[in-house]
Structure formats: structure tokens, C-alpha cells
Amino acid sequence: AQSVTQLDSHVSVSEGTPVLLRCNYSSSYSPSLFWYVQHPNKGLQLLLKYTSAATLVKGINGFEAEFKKSETSFHLTKPSAHMSDAAEYFCVVSDRGFKTIFGAGTRLFVKA
Amino acid sequence: DGGITQSPKYLFRKEGQNVTLSCEQNLNHDAMYWYRQDPGQGLRLIYYSQIVNDFQKGDIAEGYSVSREKKESFPLTVTSAQKNPTAFYLCASNTFANTGELFFGEGSRLTVL
């Protein structure tokens, strides 16, 4: 069975400081893992995805994530937060078919 | 540009009324999905369809109905049997050829008065 846990419901950072959003997963298969971002009253936009190629994945807007199989983690990072990064972020696991599991989301606040 | 179009963006209804949310995609994707989003609960799957004229219940299908008469279209009806319909509804699609990545519409916010 698959599951995904986002370890923080809210994260607050100052502009210009690093961002870390944590995600642990469980999967019986070799999973695909994704991070999506959602701004208020908008759909979800793909930030990055891991599909068993390089374990360090680079995405849009300076975000990246590292797949660590031994730790079953897929944490999202960014070296320097920008005000426009304030949004909700979802970690997602898929068995590459049509079964997709969403984390509960982490809301990122960025202080000026 | 290819994408997914949801309409209406905002919808108000009275209790006891059925409403239908539209979802159209021009990505030539095989599968389409409806999710419900409530604050602090992430996304929950209502229905999905992998092929025309076929669909399956998701985790919270009670009080909802769908149809898939065309590959491009997957409308969702929120019936009067849905006890708490006020929510943000998201339509998504993907294809057998990709890695599970979902493509989302902009969402429809339903408020029951």
C-alpha cells in the first residue's frame, strides 16, 4: 500500500532564507514522486518529479528535491525564499499507473 | 495551448439543487479525475475514468455522479444527496504514456447557501 506524509502542516521562513518542506512516503512499488504547488483558488502546478532517474531532481522556480530510498524521503528545498513562493505544497506518490496518493499539504509562509 | 478547462469558476446553489461542473481537456489524455479539496485535508478522489464510457468510484463518491461520453469531457454532478457539498473541486487528467503526472484545471468553488 502507498502512503505519503508531509511532516509539517505550516512552515514559515523569512525572505532570502532557505526553504525545507519534508515528505516521507511508503510504497510497495518503485514509485514516482512529485511536488506540486497551489496558489489560492488555483489548480495545482507541477514543481518537479522523480521517476527513477537521477535522485536529485531540479524543478521550476529554483526548487529541488532529493529522493532517498533508505530514508523513504523526498524533501523539497530552495536555497532562498521569495515572497512569491508563499503557497501550499503537496507531495504526491504514484505507482505509475492511475493510483495517486496526495499528502495533506504544507502551507509555506514567507515573511518580508 | 493545450490544457484543462473547468467551469464555472464560482458557483452558488441552494440546498436541494443538483449542479453540474464542467471539465474539458484538449491534451488527448486517456484518464480524467475529479478531486474534492477542503481546508487542511489535501485532495480526495471522487471519481475517475480511464476510458470513454467507463468510470470508477473514488474514495468519496457518495452524492456525486459523472459521465464520460467523450474523451475530452468529464462532467461532475453534485447531487442533493451530497450532505456537505461546499468545497473546491479540481479536475485532472493524465495518459498511460506518462509517469503518473497529473495535469490540473483551475478549479471550481461551489458554495451551498
Side-chain angles (χ1 to χ4, degrees), chain A residues 1-11 21 23 25 27-54 57 59-60 65 67 74 87-108, chain B residues 3-11 21 23-25 27 29-51 54-60 74 87-111:
Chain A
Q2 295 182 106
S3 67
V4 58
T5 302
Q6 293 185 240
L7 298 170
D8 306 291
S9 59
H10 298 86
V11 170
L21 306 183
C23 173
Y25 72 92
S27 177
S28 303
Y29 308 93
S30 179
S32 291
L33 293 161
F34 307 84
W35 277 99
Y36 290 85
V37 61
Q38 184 183 33
H39 292 276
N41 291 312
K42 296 288 189 182
L44 276 68
Q45 178 187 14
L46 182 71
L47 273 180
L48 49 80
K49 61 183 176 183
Y50 166 78
T51 58
S52 80
V57 182
I60 62 172
F67 173 71
F74 191 57
E88 185 139 26
Y89 292 80
F90 292 94
C91 182
V92 178
V93 61
S94 170
D95 67 0
R96 305 189 187 201
F98 295 91
K99 184 65 173 175
T100 300
I101 305 295
F102 287 80
T106 298
R107 182 160 296 277
L108 176 65
Chain B
I4 300 179
T5 301
Q6 288 187 240
S7 62
K9 178 70 175 175
Y10 298 96
L11 184 61
L21 307 181
C23 178
E24 303 277 333
Q25 56 101 356
L27 300 167
H29 283 173
D30 306 295
M32 297 185 74
Y33 308 79
W34 275 104
Y35 290 92
R36 171 179 171 140
Q37 186 175 26
D38 296 283
Q41 295 194 41
L43 276 67
R44 293 183 289 168
L45 182 64
I46 304 172
Y47 269 98
Y48 65 101
S49 168
Q50 297 181 2
I51 194 169
D54 188 47
F55 48 83
Q56 285 77 42
K57 293 181 179 180
D59 301 317
I60 56 164
F74 191 42
F88 191 56
Y89 292 89
L90 286 159
C91 180
S93 70
N94 69 359
T95 183
F96 292 110
N98 76 8
T99 55
E101 176 185 348
L102 289 167
F103 295 77
F104 285 88
E106 289 284 278
S108 293
R109 183 166 295 281
L110 172 63
T111 303

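Every value quoted in this text rests on a predicted model; they were computed, and no experiment measured them. Sequence lines set the chain letters: A, B, ... in the order given, protein chains first and strands last, and positions in each chain run from 1.
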Q: Examine whether an atom of Leu44(A) lies under 4.5 Å from a heavy atom of chain B, and if so say whether it belongs to the side chain, the backbone or both; otherwise answer neither.
A: both
Q.
Quick check on Leu27(B): does its CG atom have over 12 non-hydrogen neighbours (other residues, nucleotides or ligands) under 6.0 Å away?
A. yes
Q: Indicate yes or no: at least one non-hydrogen side-chain atom of Thr100(A) is less than 4.5 angstrom from one of Leu102(B).
A: yes
Q) Considering residues, nucleotides and ligands other than Lys57(B), do more than 12 of their heavy atoms fall under 6.0 Å from its NZ? A) no
Q) Nearest heavy-atom pair of Lys42(A) and Glu106(B): which atoms, and what distance? A) CD-OE1, 3.1 Å
Q. About how many Å separate CZ of Phe104(B) and OH of Tyr36(A), when rounded to the nearest 0.5 Å?
A. 5.5 Å
**Q.** Winner by heavy-atom pair count (cut-off under 4.5 Å) against chain A, out of Cys91(B), Gly42(B), Gly107(B)
**A.** Gly42(B)
Q.
Can you tell me which portion of Gln37(B) sits under 4.5 Å from chain A's heavy atoms? Options are side chain, backbone, both or neither.
A. side chain
Q.
Is Gln38(A) close to chain B through its backbone or its side chain, or both, or neither, when contacts mean heavy atoms under 4.5 Å?
A. side chain
**Q.** Minimum-distance pair of heavy atoms, taken over all atoms of Asn41(A) and Phe88(B)
**A.** C-CZ, 3.8 Å
